[in-house]
Amino acid sequence: MQERRDLPPPKVNHDLLQFPMHTPLWFWIAAGALGMVVAAGVLTFGLMMHVGLQLLGYTNTVYWSVLITNFVFWVGISHAGVMISAILRLTQAEWRRPVTRAAEVLTVFSLATAALFPVIHTGRPWRLIYWIFPYDFSRGVWPDIRSALVWDPSAIFTYLTSSTLFVYVALIPDLAVARDRSTGWRRRFYGLFAMGFHGSKRQWRLQAIAGILLSALILPIFVSVHSIVSWDFAMAILPGWHSTVFPPYFVIGAVHSGVSAVATVMASLRRVFHLEDYITPDHFDALGRLLVAVATTWLFFFLMDFYFGIFRRDPTEVAVWQLRLFTPPYSTLFPIFLLTAYVIPVPIWLFRRFRRNIGMMFWTSLLVNVGMWLERYILIVPPQSFKEPFTYLWVPPYVPQPPEYILTLAGFGLVSFGFLIFAKIFPIIPLYDIKEGQVLKHEIRIGRVRVPAIFRE
Amino acid sequence: MYWALLAVAAALAVAGLVALVRLLVTGPQPYARWGYTAAVLAFLISTFQAAPILAFASRMARGFWGIPLRRAAELGALTSLVTTPLLIVLLLQLPSFDGRPSIWFDWPGGPRIWDALAGGIFALVGLALLYLSSLPDLAAARAARPGGLLLPSLGWNGTPRQWQVLSRGVIVLGAFYLMMFVFVNLVVVSDLAMSLVPNWHSAVIPPYHAVSGLEAGVATTLLTLAALRRSPGMQRYIGLDPFWGGAKLLLPFALLFFYFTWAELLTNWYGRLPDEQQVFFLFMFGPYQWAFMLSFGLNFLLPFLLLIWNPIRVSIAGPTAVSALVLLGNLVDRVRIYVPAWSVAGPVGQSLDQLPPAQLPGVEDVLIMLGAGALVVLLYLLVLRSVPAISLWEYRQGLLLSVERPFVRTGVRAIAKPH
């Protein structure tokens with residue numbers, strides 16, 4: 001990194017433990033507002049269970065819609081943690097240090113939120129018990145283990161468990177620091193979770209090995225989760241969904257969406273917690289460069305899906321793409337999706353001065369996720385809207401209803417609320433990682449110039 | 001040794017050329033005769049022509065481990081002098097595209113003119129990249145050996161402006177080369193394979209072709225480097241680092257090979273659509289099952305099982321051996337894709353009810369395959385007379401930017417990261 005700031009350990013401890021140790025007034029206001037959004041979602045869900053799914057805009061053919069879009073969207077965001085943390089840790093990218101924890105925490109909360117949406121979507125969530133324990137033996141109804149819909153919960157819960165473990169392992173040294181700098185119930189609380197960490201050589205070694213092993217082990221899970229989500233669609237023979245490119249297309253889309261979300265979160269954290277010494281324009285520069293590569297790869301996969309959808313000129317496939325491109329409301333949503341997910345942000349990120357402009361990075365990364373939400377909506381809904389042979393012509397078009405908007409908003413509220421609470425209790429930037437970066441930084445003199453350098457094992 | 005290699009490569013290249021001319025004079029039909037020629041074209045594009053991307057990637061990531069392999073990787077661009085004419089020859093043999101599925105739809109000139117143009121641009125970009133990155137070394141070589149048979153260095157004398165143009169140029173050209181590589185893989189696999197097979201519209205095939213090509217590109221570079229290392233005095237410059245770094249890349253590429261294969265297999269397996277099943281059996285579990293299994297083993301299974309072990313990864317022999325496996329695997333994979341595709345190429349609208357038996361290579365096929373490979377080797381050997389095998393300017397830069405320093409009670413390497 002170019003911007004070398006001297007951050008002595010006491011300053012790091014003071015700056016990064018300030019929010020967990022002291023509660024400003026704005027925290028209560030923000031938590032209260034977000035809590036109300038979540039409560040509105042809970043109430044809507046309750047009403048939906050009481051009245052039934054007719055509150056939503058489902059039609060005879062379209063019943064995977066906004067709620068499933070939310071599910072895919074949040075699973076996508078959850079890929080931020082692994083992309084940033086595990087891959088950058090394994091590749092020893094120096095700029096990862098202040099970014100990792102926020103990305104990992106975003107993974108955990110967005111994944112937990114994603115898992116809620118299929119449950120809400122069922123309309124009768126208590127019946128999920130039959131999937132877990134199909135006790136109704138007499139009727140011989142069993143979950144079909146060959147279905148991607150059954151693989152999904154397994155993959156998501158494995159990812160959720162491993163991501164939580166990933167966050168926790170990286171948190172232990174910081175918990176020990178928080179324990180040593182607090183009193184009363186806080187000291188007992190942090191002490192309990194720090195599990196007696198006191199920085200011995202053996203403990204550090206185990207902590208480092210665990211981090212590397214978890215990074216490597218979590219990668220296949222990370223790929224499998226969104227691949228399995230994509231197979232929910234691709235294994236169906238519905239035109240517009242049945243495509244062999246869906247698994248990598250979904251995974252790279254998730255990375256695009258997740259890394260953009262990290263950029264948005266980092267810009268917000270920097271402003272809210274005054275972390276200018278820790279999150280610098282250099283970090284946004286690096287995130288921007290990564291995003292150019294990820295977004296362009298995503299665009300390639302999107303084009304593959306499009307081209308080979310219409311490649312053999314199958315009338316049904318062509319009709320699905322005509323619906324997506326030329327029929328309202330999709331004809332309006334499609335250009336918005338493409339503009340916000342790629343055409344506007346990527347050319348901006350090509351310029352260094354824009355990548356280093358934090359406001360610009362905040363808005364462009366936010367735009368990407370508007371586009372990526374729309375991408376999932378356009379991917380999921382139109383193929384079901386297409387009138388298959390033998391379906392009735394009077395099927396009305398699908399129009400999302402207010403409860404679907406409220407539940408979508410509640411999803412954002414829940415992730416933000418969880419993130420805020422986490423940041424209140426635990427340091428959102430890893431103290432030990434920042435200190436390690438300080439120890440490893442160096443300079444090399446070349447002629448009359450001193451060039452920033454880093455020690456490598 | 002050098003002259004003996006040169007003579008053998010030249011003889012094989014001439015034999016391959018004669019075999020190609022014999023094939024040409026008898027006309028395009030039956031199309032099945034062109035399967036192995038198409039396979040070797042795709043193999044060369046996937047292996048040697050993928051190699052310069054490794055140089056670009058290591059420059060972008062400012063990976064010091066990659067410095068000794070950059071020139072060896074960029075020499076892969078020379079392959080375009082073989083593949084571009086071969087691509088044009090094959091495009092002229094294609095059956096009519098009227099009514100045939102194609103990424104060009106009904107654009108005038110598609111696929112022949114556009115594919116040839118794509119191949120030509122790809123070749124030009126690659127050669128420009130190789131030439132640009134060699135300029136400082138060519139100038140140094142001219143200064144050291146005035147009057148020698150050398151390529152012109154375009155008045156290079158190392159002004160700050162020239163260095164600035166060079167450092168930006170290799171990145172811009174490298175990025176453009178990567179995009180052209182992906183695009184050329186797309187057009188080659190879609191027009192020379194997918195369009196020929198009824199009902200083959202698997203969208204994952206072009207990315208699969210590119211990713212398996214990148215895996216083979218890394219393997220080709222490591223094998224080239226291992227060969228260069230055997231030259232006198234080169235062991236000082238080509239150490240463990242590039243092999244170790246290359247092995248770290250081969251492992252994820254092997255996993256990606258598995259992932260893309262799995263994505264296609266599982267989606268088709270569960271889709272159970274009759275027309276997809278026929279394509280599925282043609283390429284994976286029908287007459288070419290042996291090729292599919294062999295390709296899977298050589299591109300994924302064996303590299304994965306070998307490279308997960310630290311002692312193998314952190315060695316010179318280990319990654320070299322794995323690279324040889326991957327290169328063979330890529331050849332088998334390209335045979336698996338192109339030979340069956342050309343064997344069923346025929347009128348539009350036919351079905352695949354009857355799968356043709358596996359087609360083994362004839363003498364002409366073997367000569368063309370060997371000849372094309374030998375011609376590439378010949379070009380490497382000739383160019384290495386003018387251009388140093390190691391990028392000298394980057395090597396010197398690496399020496400300045402990477403130093404051993406004491407750290408606590410040990411010594412570690414400090415790596416500078418200038419803007």
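No hydrogens, no waters, no symmetry mates; every other heavy atom, side chains included, goes into these values.
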If I compare all heavy atoms of [X] with all of [Y], which pair ends up nearest, and what's the gap?
X	Y	value
Thr244(A)	Ala203(B)	OG1-N, 3.2 Å
Arg313(A)	Arg100(B)	NH2-O, 3.9 Å
Ala416(B)	Ala453(A)	CA-CB, 3.6 Å
Phe311(A)	Trp200(B)	CE2-O, 3.4 Å
His442(A)	Ala414(B)	CD2-CB, 3.6 Å
Ala234(A)	Thr267(B)	O-CG2, 3.7 Å

Considering only heavy atoms from C-beta outward, does the side chain of [X] approach that of [Y] to under 4.5 Å?
X	Y	answer
His242(A)	Glu276(B)	yes
Phe455(A)	Arg413(B)	no
Ile415(B)	Glu94(A)	no

Please state whether the rings of Tyr307(A) and Phe105(B) are parallel, tilted or perpendicular, taking 30° and 60° as the class boundaries.
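Parallel.
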Under 4.5 Å heavy-atom distance to chain A, tell me which part of Leu266(B) shows up: side chain, backbone, both or neither.
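Both parts, backbone and side chain.
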Is chain A contacted by the side chain of Leu273(B), its backbone, both, or neither, given a heavy-atom distance below 4.5 Å?
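Answer is side chain: those atoms of Leu273(B) sit under 4.5 Å from chain A.
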Name the option with the most non-hydrogen atom pairs under 4.5 Å to chain B; the candidates are Asp305(A), Asp314(A), Ile310(A).
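Looking at each of Asp305(A), Asp314(A), Ile310(A) in turn, Ile310(A) comes out on top.
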What option among Phe246(A), Phe308(A), Phe300(A) has the most heavy-atom pairs under 4.5 Å with chain B?
Phe308(A)
Evaluate whether atom [atom1] of [X] has more than 12 neighbouring non-hydrogen atoms of other residues, nucleotides or ligands under 6.0 angstrom away.
X	atom1	value
Trp104(B)	CH2	yes
Phe351(A)	CZ	no
Trp269(B)	CH2	no
Leu217(A)	CG	yes
Trp114(B)	CH2	no
Trp262(B)	CH2	no

Among residues 175-182 of chain B, which residues come closer than 4.5 Å to chain A, judged by heavy atom distances?
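Result: Val182(B).
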So which residues of residues 184-194 of chain B are in contact with chain A at a heavy-atom cut-off of under 4.5 Å?
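So the qualifying residues are Leu186(B), Ser190(B), Met194(B).
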Short side-chain to backbone donor-acceptor contact, Tyr259(B) and Pro247(A), under 3.5 Å
yes
Taking only heavy atoms into account, what residues of residues 223-231 of chain A are found under 4.5 Å from chain B?
Val223(A), Ser227(A), Trp231(A)
To the nearest 0.5 Å, what is the distance between CD1 (Ile446(A)) and CG (Leu400(B))?
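Between Ile446(A) CD1 and Leu400(B) CG, I get 5.5 Å after rounding to 0.5 Å.
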Non-hydrogen atoms of chain B under 4.5 Å away: do they reach the side chain of Val251(A), the backbone, both or neither?
side chain
Taking only residues two or more places apart in sequence, or in another chain, which ones meet Thr296(A) in a side chain to side chain donor-acceptor pair (under 3.5 Å)?
Tyr342(A)
